[in-house]
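Here is the naming used below: chain letters follow the sequence lines, and residue numbers restart at 1 for every chain.
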2 protein chains.
Amino acid sequence: MRIGEAADAVGMTTKTIRFYEDRGLLPPAERSANGYRDYSHDTLSRLEFIRRSQIAGLTLAQIQGILRIRDDGITPCTHVRDVLGKQLMDLDRKIAELTALRVTVAEQYATAEGADPQRCDAEQICSYI
Amino acid sequence: MRIGEAADAVGMTTKTIRFYEDRGLLPPAERSANGYRDYSHDTLSRLEFIRRSQIAGLTLAQIQGILRIRDDGITPCTHVRDVLGKQLMDLDRKIAELTALRVTVAEQYATAEGADPQRCDAEQICSYI
DNA sequence: ATTGACCTTCCACCGCAGGGGAAGGTCAAG
DNA sequence: CTTGACCTTCCCCTGCGGTGGAAGGTCAAT
């Protein structure tokens with residue numbers, strides 16, 4: 001199947017598929033006699049794996065790491081578990097950071113809500129921030 | 001004061017200060033006879049305002065919007081309140097997204113933790129994701 | 001007179017995940 | 001035999017917030 005059909009099948013653009021090949025997430029594509037990329041069903045499941053991984057918030061570099069292990073003929077289970085564990089820690093850290101930031105901004109917003117614009121000091125641009 | 005002293009005073013690099021001038025967050029700097037930028041205390045408080053705003057997670061574009069209003073001689077209080085309100089909503093949305101993602105990843109991690117690598121199917125690359 | 005620490009402008013680059021569009025080749029249908 | 005829909009490679013652009021470095025000017029101290 002040609003690249004456009006593959007793209008339609010997995011809901012990506014042809015640009016994205018070529019980009020993944022360029023980045024090494026896909027092996028160099030087979031070519032038809034006319035030079036067009038020719039994809040098999042294997043590529044589709046690989047693309048779908050990439051999409052599922054992205055939904056889990058993994059970066060292309062992390063996904064590539066998993067694919068490389070699979071391509072070496074090794075089951076990537078252990079590595080995947082580690083990557084997911086790291087992703088959990090990253091998410092916890094980000095959520096904690098944003099939650100702390102939310103507290104700060106909520107205080108500033110509360111101040112700005114019930115404040116007197118007269119007291120706004122040009123010297124420091126804005127007294128709420 | 002020269003740009004290096006200003007940078008030291010507020011804990012930024014000279015590169016960053018020139019970048020802010022280029023982006024319009026600072027007015028074109030006064031120049032000494034030798035062409036060096038010459039900063040007054042006003043610029044320092046402006047730079048400190050930028051820093052405080054960044055700590056609140058505002059983008060340079062949002063900060064610029066506030067500064068522009070102040071530069072027009074208007075107290076930016078109302079605008080600041082709106083920006084902070086939008087920032088609160090953005091934070092809530094991001095926290096909700098990350099929390100939902102965390103649930104998904106935690107499930108995948110739990111599966112990967114107690115799973116049998118024998119059942120790992122090469123067809124779909126990895127059965128946990 | 002020269003060294004070293006500043007300063008100036010300008011252009012390019014980082015990560016991240018692609019998108020835009022030009023210039024040209026290929027193929028089936030009308 | 002031309003039109004239109006594909007495909008190819010190529011390089012540049014996006015947003016975000018800067019950072020790096022080259023080539024050159026300035027100034028105080030030695």
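Within the structure, side-chain hydrogen bond (donor to acceptor under 3.5 Å, both in side chains) pairs that include any residue of residues 22-32 of chain B do not occur (at least two apart or interchain). Listed by first and then second residue, the side-chain hydrogen bond (donor to acceptor under 3.5 Å, both in side chains) pairs that reach into residues 95-108 of chain A are Arg93(A)-Glu97(A), Arg102(A)-Asp92(B), sequence neighbours excluded. The list of side-chain hydrogen bond (donor to acceptor under 3.5 Å, both in side chains) pairs with a residue in residues 39-51 of chain A, not counting sequence neighbours, reads Arg46(A)-Asp71(A).
Rounded to whole angstrom, the span from the CD atom of Glu30(B) across to the P atom of dC7(C) amounts to 17 Å. Atoms CZ (Arg18(A)) and P (dC7(D)) sit 7 Å apart, rounded to a whole Å. Taking atom CD on Glu21(B) and atom C1' on dC10(C), their separation rounds to 14 Å, with Å as the unit. The distance between atom CG of Leu26(A) and atom P of dA17(C), rounded to the nearest whole Å, is 15 Å. Distance, Asp22(A) CG to dC12(D) P: 15 Å, rounded to whole Å. At whole-Å resolution of the value, CE in Met12(A) and P in dG18(C) are 8 Å apart. Between Ile17(B) atom CD1 and dT9(C) atom P there is a gap of 13 Å when expressed in whole angstrom units. For Leu25(A) and dC16(C), the CG to P distance is 13 Å, given to the nearest whole Å.
In this view, Lys86(B) and Asp90(B) satisfy the salt bridge (Lys or Arg N to Asp or Glu O under 4.0 Å) rule, not counting sequence neighbours. Qualifying salt bridge (Lys or Arg N to Asp or Glu O under 4.0 Å) partners for Lys15(B), counting only residues two or more places apart in sequence or in other chains: none. Glu113(B) pairs by the salt bridge (Lys or Arg N to Asp or Glu O under 4.0 Å) definition with nothing, not counting sequence neighbours. Residues forming a side chain to side chain contact (heavy atoms under 4.5 Å, CB included) with Thr111(A) (at least two apart in sequence, or on another chain): Tyr128(A). Residues meeting the side-chain hydrogen bond (donor to acceptor under 3.5 Å, both in side chains) test with Arg37(B), sequence neighbours left out: Glu21(B).
Against DNA chain C, the stretch residues 56-70 of chain B makes no heavy-atom approach under 4.0 Å.
Without hydrogens or angle criteria, Asp72(A) side chain to Ile74(A) main chain gives no donor-acceptor distance under 3.5 Å. In this structure a side-chain-to-backbone donor-acceptor pair under 3.5 Å is present from Arg52(A) to Ile129(B). A distance-only check finds no donor-acceptor pair linking the side chain of Gln124(B) to the backbone of Phe49(A) [under 3.5 Å].
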Short heteroatom pairs, N/O only, protein and nucleotides 26-30 of chain C, under 3.5 Å:
from, atom 1, to, atom 2, distance (Å)
dT26(C), O4', Tyr36(A), OH, 3.3

Can you name the atoms? Protein N/O to nucleotides 19-23 of chain D N/O, anything below 3.5 Å, with the distance.
from, atom 1, to, atom 2, distance (Å)
dT19(D), OP2, Thr13(B), OG1, 3.1
dT19(D), OP2, Thr16(B), OG1, 2.7
dG20(D), N7, Lys15(B), NZ, 3.1
dG20(D), O6, Lys15(B), NZ, 3.1
dG21(D), O6, Lys15(B), NZ, 2.2

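Between its two ends, the helix from dA1(C)-dT30(D) to dG30(C)-dC1(D) turns its axis by 40°, counting five pairs per end and rounding to 10 degrees.
Looking at heavy-atom distances under 4.0 Å, Arg2(A) makes contact with sugar-phosphate atoms alone, never a base.
Hydrophobic clustering, with ILVMFWY side chains joined whenever heavy atoms are under 4.5 angstrom apart, keeps Leu58(A) apart from Ile69(A). Val10(B) is connected to Ile63(B) through a chain of hydrophobic side-chain contacts under 4.5 Å among Ile, Leu, Val, Met, Phe, Trp and Tyr, so both are in one cluster. In the hydrophobic clustering of ILVMFWY residues, with side-chain heavy atoms under 4.5 Å counting as a link, Leu25(B) and Phe19(B) come out together.
Of the residues near DNA chain D, Arg37(A) and Gln54(B), the one whose nearest nucleotide (by heavy atom distance) lies more toward the 5' end is Arg37(A).
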